[in-house]
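Quick note: residue numbers are just sequence positions, from 1.
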Amino acid sequence: MIRLGYVSISNTLNMTCSKAITYTEYSKNPNLNKIDEIILENLDNLSKIIDYNIKNNIHFYRLTSKLIPLATKKDVVFDYINKYKFLYKEIGDKIKKHNIRVDVHPDQFCVLNSTKKEVLENTFEILEYHYKILDALNIENKIIILHVGSSVLGKQNSIKRFINNFYKLPKYIQECIAIENDDKIYNILDCLYICKKLNIPFVLDYHHHICNNVCEIDDYLDEIFKTWKTTPKIHFSSPKNKTKKDFRSHHDYINIDDFINFLQKVKNINLDIMLEAKAKDEALFRLVRLLKYNDYKFIDDTTFIN
């Protein structure tokens, strides 16, 4: 069984829960009321997006990392949890009732193996923020997806730094961390090594593997999926163009031939597949239509038998 998911923004609803205020804007007019307005709007939109997911049987969704503006800035101090507890509970109850899998993926500023003290301190803040949001929503199987990060001083030293810094995290955050292979430096062999060392899940990004391919993927799928105690999840996207310049960039939609080719590799395996396509939920339902055209049997709107 395969469940399909999408990232953050619903293009169909034309709705985002990532409205922001920049640090520069806030510094010119340090008004916490403006932040409060944005948080309320983001949470209201998140609630509507979850309702949309429920109505369309979307069981897998990536929460935006930008739900709360300026939450990780040390000199912008405000309560973004307790003040909105009733809203988190309302959203979290819907997620739990309808068994929607939710995870988060911090941005490029979250670098656990950085050699810079200030970057590492900020990374700890970012991870704490993501944990607090997942906890406020009462998400049971919390997953925070990271790239391994920098390769300063060489890849092997960087892997050691990642492992050392992982153990500096609070235990409750360690238990949430999963890592993803990237498109330039850390391939699936590197990530498998780290995941086995730390006993954490490995999120396979298939497009990144194609970009940074050092081995035959079929030989390692079983090992990758065994890093999960729950249903494994992977990321899937298609290149913007086949040219070298644009190959790493994500296309608006998913290439059906590439997707079906991957499905052949994971026959009879239960998987949750996060579609990292720029058209978001529209890309998901376009892929569904194409899969139906290719005679895949659907259990509901976004779940099918492979």
key: F60 six-ring centre to K233 NZ/CZ under 6.0 Å and within 45° of normal   = no
inquiry  = When you compare the side chains of Y206 and E276, does any donor N or O come within less than 3.5 Å of an acceptor on the partner?
reply    = no
ask   = Do T230 and N141 meet the criterion of a side-chain donor-acceptor pair at a distance under 3.5 Å?
value = no
task = Output yes when a side-chain donor or acceptor of N11 lies under 3.5 Å from a complementary backbone atom of A279, and no otherwise.
result = yes
ask   = If you measure from the Lys or Arg side-chain nitrogens to the Asp or Glu carboxylate oxygens, is any gap between K55 and D51 under 4.0 Å?
value = no
task = Flag the pair K97 and D93 as a salt bridge only when some basic side-chain nitrogen lies within less than 4.0 angstrom of an acidic carboxylate oxygen.
result = no
task = Mark yes or no: K292 above the aromatic ring of F298, with NZ or CZ under 6.0 Å from the six-membered ring centre and no more than 45 degrees from the axis.
result = yes
query = Do H98 and N57 pass the side chain to side chain donor-acceptor pair (under 3.5 Å) test, and can you show the C-alpha distance, the side-chain angles, and the key distance before you say yes or no?
reply = CA-CA 9 Å; H98 294 276; N57 286 309; over 6 Å; no
ask   = Are H208 and H147 an aromatic pair by the rule of ring centers under 6.0 Å?
value = yes
key: Side-chain donor/acceptor of Y186 to backbone N/O of S150, under 3.5 Å   = yes
query = Can the ring centres of Y80 and Y129 be said to be less than 6.0 Å apart?
reply = yes
task = Return each pair, listed once, that meets side-chain hydrogen bond (donor to acceptor under 3.5 Å, both in side chains) where at least one residue sits in residues 107-122; pairs must be two or more places apart or across chains.
result = none
query = Hey, are K96 and E140 close enough for a salt bridge, meaning a charged N less than 4.0 Å from a carboxylate O?
reply = yes
